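Step one of this worksheet: look at the structure below.
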Amino acid sequence: MSNADIYHEMIIDYSRNPINYGKIEDHDVTFHDSNPLCGDSIDIDMKIDNDKITDIKFHGKGCAICMACSSVLTEIAKGKNIDDVRNISKNDVLGELGLENLQAVRIKCALLSLKVLKFALYSYLGKHLKNSQDVDKLKEEATSLY
Amino acid sequence: MSNADIYHEMIIDYSRNPINYGKIEDHDVTFHDSNPLCGDSIDIDMKIDNDKITDIKFHGKGCAICMACSSVLTEIAKGKNIDDVRNISKNDVLGELGLENLQAVRIKCALLSLKVLKFALYSYLGKHLKNSQDVDKLKEEATSLY
Amino acid sequence: MQSAQTTFENIRKDFPILKRTVRDNKPLVYLDNASTTQKPTQVIEAITDYYKNHNANIHRAVYALAEEATELYEKTRDKVADFINISNREEIIFVRGTTEAINLVAYAWGRTHVKEGDIIVTTEYEHHSNIVPWQLLTQEKGAKLEYIGMDDNGELILEDLDKLLGTGKVKLVTFSLMSNVLGTISDADKIIAKCKAAGVFTLIDGAQAIPHMKVDIEKLDCDFFAFSGHKMLGPTGIGILWVRKSILETMKPFHGGGDMIREVHKYETTWNDLPYKFEAGTPNIADVVGLGAAIDYLSKIGMDNIRQHEIELTSYAIDKLSDVKGLHIYGTKDISKRGGVISFNFADVHPHDVAQIIDEEGIAIRSGHHCAQVLMERLDVSATSRASFYIYNTKEEIDKLINSLNKVAKVFKL
Amino acid sequence: MQSAQTTFENIRKDFPILKRTVRDNKPLVYLDNASTTQKPTQVIEAITDYYKNHNANIHRAVYALAEEATELYEKTRDKVADFINISNREEIIFVRGTTEAINLVAYAWGRTHVKEGDIIVTTEYEHHSNIVPWQLLTQEKGAKLEYIGMDDNGELILEDLDKLLGTGKVKLVTFSLMSNVLGTISDADKIIAKCKAAGVFTLIDGAQAIPHMKVDIEKLDCDFFAFSGHKMLGPTGIGILWVRKSILETMKPFHGGGDMIREVHKYETTWNDLPYKFEAGTPNIADVVGLGAAIDYLSKIGMDNIRQHEIELTSYAIDKLSDVKGLHIYGTKDISKRGGVISFNFADVHPHDVAQIIDEEGIAIRSGHHCAQVLMERLDVSATSRASFYIYNTKEEIDKLINSLNKVAKVFKL
Ligand SMILES: Cc1ncc(COP(=O)(O)O)c(C=O)c1O
Ligand SMILES: Cc1ncc(COP(=O)(O)O)c(C=O)c1O
């Protein structure tokens with residue numbers, strides 16, 4: 001894959017018209033992170049009801065890759081159970097957009113929102129779950145994403 | 001001059017039997033300095049009477065060059081007026097031992113005692129003289145010796 | 001000195017990397033010089049010659065190699081002194097780069113002289129390395145960090161400085177002589193004059209200025225000056241901190257270790273003479289030698305010629321870029337007030353995407369916050385694209401940049 | 001891996017400087033390896049290849065060169081992790097050398113965790129870089145610096161450690177794994193076990209050990225470990241600080257600037273992930289790449305083979321030197337407890353004079369206090385002569401050293 005081929009129709013569209021973009025004022029959990037190297041910055045808000053992500057929105061600033069991946073990720077997560085969302089892998093996101101072979105420096109753009117999502121869940125579960133070991137695994141996962 | 005030629009008879013003799021070696025218990029001024037790079041370390045004590053160096057001794061640790069130069073220097077200074085001693089130049093010391101072309105790193109061994117002598121005079125004159133500008137020149141000289 | 005014309009025509013062959021192709025066999029067009037510059041053969045060879053013929057630890061040993069290595073190392077100190085026009089070689093401290101230089105000041109000067117309630121002044125267009133060390137210092141000391149603002153033309157608002165100096169609490173004013181994002185050349189003479197009148201010290205971050213214009217520190221009359229070798233054709237890992245001697249003498253040691261001591265005893269230690277008091281441990285000897293070669297190279301071309309060359313390239317680039325629809329250039333267009341750094345945004349396309357698409361054409365520019373997030377906030381953008389020029393760049397390369405932007409327009413359907 | 005025998009026979013041709021002659025056309029006999037080592041072609045070429053083909057600033061840009069440079073830089077981090085056997089690459093911080101590494105700990109860990117009345121323990125045979133930073137810290141904090149003494153065999157007196165640990169006030173015990181003057185290999189396992197039992201952190205100065213023997217940090221189980229690239233065939237200007245992650249997480253940033261931040265705002269800043277939080281500014285990229293090549297080179301020979309080679313040389317040298325009338329060797333003669341560093345004094349001849357006279361024969365040894373003045377006081381000498389070996393040294397070179405000492409005897413009429 002030539003690096004330029006990543007800019008296909010879908011990516012350009014999502015970057016201009018991201019889905020699930022915005023804030024949830026009465027969220028049950030919110031998390032923010034940024035990419036120290038390029039300045040991309042993402043917030044994710046979620047409503048969680050009965051272990052189910054009933055609503056999810058993101059906002060922030062980022063490149064086309066970042067915006068498209070955030071759109072795809074939130075779309076995947078919406079309506080799912082926490083356990084399923086926990087298991088979303090990077091290839092679930094990258095595959096949806098044909099970005100499996102993205103170069104290292106751009107992987108961070110693509111996966112920033114997944115990292116934020118995992119940290120958000122970590123912080124939510126930390127407050128609502130007994131099994132702290134299980135929760136820590138989530139943090140490890142988030143930290144080691146890229 | 002080959003570097004090894006510096007080890008002539010006189011240097012070896014002085015290094016084993018330095019002259020003016022020792023302390024002056026009732027000195028009028030004393031000063032200590034060392035060479036941070038090699039650890040050579042010299043103290044000079046002086047008796048000064050009526051602007052004249054009536055006695056001078058040195059002690060410390062150093063290589064043959066350092067010991068020989070300290071011997072020669074104290075010999076030159078002894079009995080002289082302060083003004084004459086102030087004017088002792090590095091070549092007065094180096095010339096006496098045929099060391100004019102000493103390599104840079106050893107120059108510091110050769111001139112450590114001259115530096116100490118100049119600082120000693122500086123500290124003595126600082127207490128006994130009015131013209132502080134004149135004294136500062138001495139400090140400058142000592143500092144810039146090598 | 002050769003005529004400037006021939007000089008610049010022949011320069012490219014001194015830079016081996018410029019023969020490289022990248023991606024799909026595209027010739028490299030390197031336009032990220034504000035980040036780091038490429039190295040001429042002369043610099044690379046100075047380093048290899050050092051390792052192949054003279055390598056030894058310096059200052060302490062009496063054998064031949066050590067003597068040679070010490071001489072090579074100390075000769076660069078003289079070259080630096082000459083290059084920035086200062087008369088006292090003891091005022092020059094070798095460090096890793098601008099970042100270490102500024103941190104050294106913040107620790108070894110700041111921790112002694114800055115007290116609760118004092119103010120340190122920096123500017124809105126500083127690099128993080130001239131902001132974060134002062135945040136750390138002022139937070140530790142209960143002092144305050146304040147900013148000289150920037151107007152919409154990308155120039156500093158000196159009234160802000162006047163107001164701050166008026167408080168009587170300012171200890172240090174620190175600013176970059178050239179912004180790494182906008183290319184703005186600060187009005188150093190005015191800033192320093194104001195600070196001198198108020199009895200306030202000045203630190204200049206010269207990382208961007210030194211490689212691109214003649215800098216005369218004696219004339220500037222600031223108190224601290226920092227720059228990096230790798231942005232001026234020199235190797236990575238070496239930079240310079242210059243400090244006025246009368247101030248250097250009031251500074252505590254920073255790193256403790258070999259070479260910076262006079263005598264070490266178990267419970268107390270005395271310090272070596274300047275500048276060695278601030279050069280603890282085995283220094284980066286080979287890269288000091290390499291920096292010496294970089295200074296020789298630049299001096300041979302002449303800093304005024306370099307500035308002239310960059311003015312031509314920059315004017316040309318600003319003209320061409322201004323013609324690109326939807327492209328916005330930040331900062332002043334008055335070429336006498338800026339260096340060869342151009343930050344821009346292209347319609348609604350994120351700078352990363354711009355950079356990535358034109359990288360396919362072999363063109364290397366930077367995108368992002370350029371370690372200047374405070375400035376990004378001021379400009380109300382999250383990032384910019386940045387092209388920056390040096391002695392080996394050509395108008396043809398700028399044409400290629402412009403062409404590649406057409407591809408961006410096509411991909412993003414602008 | 002080739003057999004050790006052939007390896008060491010072929011090694012010399014990898015080191016261009018060994019073809020040099022010095023002074024009156026004498027072949028260079030380089031025996032100052034404890035100070036710095038020579039560099040093989042492989043290391044020199046890694047650096048030139050970096051500058052000729054890949055040079056760019058790292059981590060931030062998306063273009064091809066930046067991608068390559070970042071990969072080369074980060075690959076060395078993996079090589080280091082592998083070389084010292086630690087599993088977490090985030091624990092490895094690139095610094096200038098051992099001196100900066102130890103100072104970083106003294107500032108970023110010490111300034112936070114050491115309080116009035118606390119004790120830091122070092123040893124009588126430390127290099128200045130493992131004494132002075134702790135003097136500065138303890139003086140600033142009103143804490144105390146104490147010493148583990150050394151016996152006449154050149155070994156640490158561990159009862160001193162027991163006594164100090166017994167106070168319950170010790171915060172850190174720091175010691176070199178191999179003395180740069182005596183070559184003594186510290187009994188790290190015992191020291192660390194005692195400290196662990198007392199809940200006290202340990203820092204190892206590995207500057208002399210790492211180049212000469214296999215070091216397994218996971219097995220050692222210390223908390224901090226520091227070493228320099230230039231003493232292990234690598235370039236000047238690069239070194240490593242390893243810190244256990246759980247401790248690294250409690251450390252404040254040291255230098256502020258680019259790359260170590262997450263988000264910078266005008267009045268507050270958040271920090272980047274480990275290890276970048278401690279790598280502010282443009283790092284010494286080329287020399288990191290060079291260090292990677294040095295590690296490859298050493299690994300190919302095998303650290304155990306290197307140790308074996310040095311044991312042979314050192315035994316041989318100790319035997320020969322012991323036969324020289326009036327020559328006194330410091331430290332243990334038990335070869336299993338020492339590396340290839342031999343300090344000696346020759347009758348009443350000052351070490352500088354020894355070094356200078358044999359330099360005329362092309363032989364490079366060190367004379368002086370070796371940045372270990374506390375040890376010099378302990379030995380009650382002002383200086384020693386020191387010969388130290390590495391992979392390229394031969395028995396013939398040791399014979400030359402012995403012969404040259406005859407000349408010293410003649411000049412000084414011994
Ligand atoms: C034991 C020991 N520690 C520390 C150092 C200091 O290393 P560097 O000068 O590379 O910072 C050295 C070498 O000089 C050493 O031998
Ligand atoms: C204006 C300015 N200041 C400081 C720096 C930091 O320099 P270095 O990364 O070499 O320490 C840079 C470059 O990155 C810069 O452009």
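Worth saying up front: this structure is predicted, and the values here are computed from it rather than measured. Just so we're on the same page: letters track the sequence lines, and every chain starts at 1.
In this structure, D:Arg23 pairs ionically with C:Glu67, as a charged nitrogen and a carboxylate oxygen lie closer than 4.0 Å. Electrostatic pairing of D:Glu377 and C:Lys266 does not count as a salt bridge here, judged by no charged N lying under 4.0 Å from a carboxylate O.
Ranked by heavy-atom pairs under 4.5 Å with chain D, the list C:Ala372, C:Gly97, C:Pro235, C:Gly239 is led by C:Pro235. Considering only heavy-atom pairs separated by less than 4.5 Å from chain D, the leading option among C:Asp259, C:Thr269, C:Val288, C:Ile131 is C:Thr269. Interface summary for chain C: among D:Arg378, D:His54, D:Arg60, the most heavy-atom pairs under 4.5 angstrom belong to D:Arg60. The candidate with the highest count of non-hydrogen atom pairs below 4.5 Å against chain C, out of D:Ile285, D:Ile358, D:Val22, D:Leu137, is D:Ile285. Counting heavy-atom pairs closer than 4.5 Å to chain C, the top residue among D:Lys19, D:His369, D:Glu124, D:Lys231 is D:Glu124. Taking chain C as the reference chain and counting heavy-atom pairs below 4.5 Å, the highest number among D:His127, D:His352, D:Glu263 is found for D:Glu263. Looking only at heavy-atom pairs under 4.5 Å with chain D, the residue among C:Asn55, C:Thr99, C:Thr36 that has the most is C:Asn55. For the set D:Ile363, D:Thr48, D:Leu145, D:Asp287, the count of heavy-atom pairs under 4.5 angstrom toward chain C peaks at D:Asp287. Considering only heavy-atom pairs separated by less than 4.5 Å from chain C, the leading option among D:Cys371, D:Gly281, D:Ala364 is D:Ala364.
Proximity to chain C (any heavy atom under 4.5 Å) is shown, for D:Thr122, by neither the backbone nor the side chain. Interface remark: C:Gln38 contributes backbone and side-chain atoms alike to the contact with chain D (heavy atom separation under 4.5 Å). Residue contact with chain D, scored on non-hydrogen atoms closer than 4.5 Å, involves the side chain of C:Met260 exclusively. Only the backbone of C:Val95 has a heavy atom closer than 4.5 Å to any heavy atom of chain D. There is no contact between C:His370 and chain D, counting heavy-atom distances below 4.5 Å. Heavy atoms closer than 4.5 Å to chain D are found nowhere in C:Ser228, neither backbone nor side chain. Within the 4.5 angstrom heavy-atom criterion, no atom of D:Leu18 approaches chain C. For C:Leu28, the part lying under 4.5 angstrom from a heavy atom of chain D is the side chain only.
No donor-acceptor contact under 3.5 angstrom links the side chains of C:Glu100 and D:His255, judged on distance only. Counting only N and O atoms by type, the side chains of C:Gln373 and D:His265 include no donor and acceptor under 3.5 Å apart.
Contacts of D:Lys144 classified as salt bridge (charged side-chain N to carboxylate O under 4.0 Å, His left out), with partners at least two apart in sequence or in another chain: D:Glu146.
Aromatic ring centres of D:Tyr51 and C:Phe15 lie farther apart than the 6.0 Å criterion allows.
Separation of atoms OG (D:Ser129) and CD1 (C:Ile261) is listed at 11.0 Å; rounding is to 0.5 Å. From C:Tyr63, atom OH reaches atom CG of D:Leu31 across 9.5 Å, with rounding to the nearest 0.5 Å. Separating the NZ atom in D:Lys39 from the NZ atom in C:Lys52 is a distance of 14.5 Å, to the nearest 0.5 Å.
Using a 4.5 Å heavy-atom threshold, the side chains of D:Val264 and C:His128 count as touching. Using a 4.5 Å heavy-atom threshold, the side chains of D:Asp32 and C:Leu65 count as separate. You'll find the side chain of D:Phe254 stays beyond 4.5 Å of the side chain of C:Leu136, heavy atoms only.
Checking each of D:Asn284, D:Asn57, D:Thr282 against C:Thr236 for a side chain to side chain donor-acceptor pair (under 3.5 Å) leaves exactly one that passes, namely D:Asn284.
Minimum interatomic distance between D:Ala355 and C:Val62 (heavy atoms only, all atoms of both residues): CB-CG2, 3.5 Å. When all heavy atoms of D:Gly256 and C:Pro133 are compared, the closest pair comes out as O-CG, 3.4 Å.
Here the side chain of C:Asp359 pairs a donor or acceptor atom with the backbone of D:Ala64 at under 3.5 angstrom.
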Next on the checklist: salt bridge (charged side-chain N to carboxylate O under 4.0 Å, His left out) for D:Glu68 and C:Arg20? Distances and angles first, verdict last.
Outcome noted: CA-CA 13 Å; D:Glu68 293 167 19; C:Arg20 250 206 72 165; 2.5 Å; yes

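Heavy atoms of other residues, nucleotides or ligands lying less than 6.0 angstrom from NZ of C:Lys26 number more than 12.
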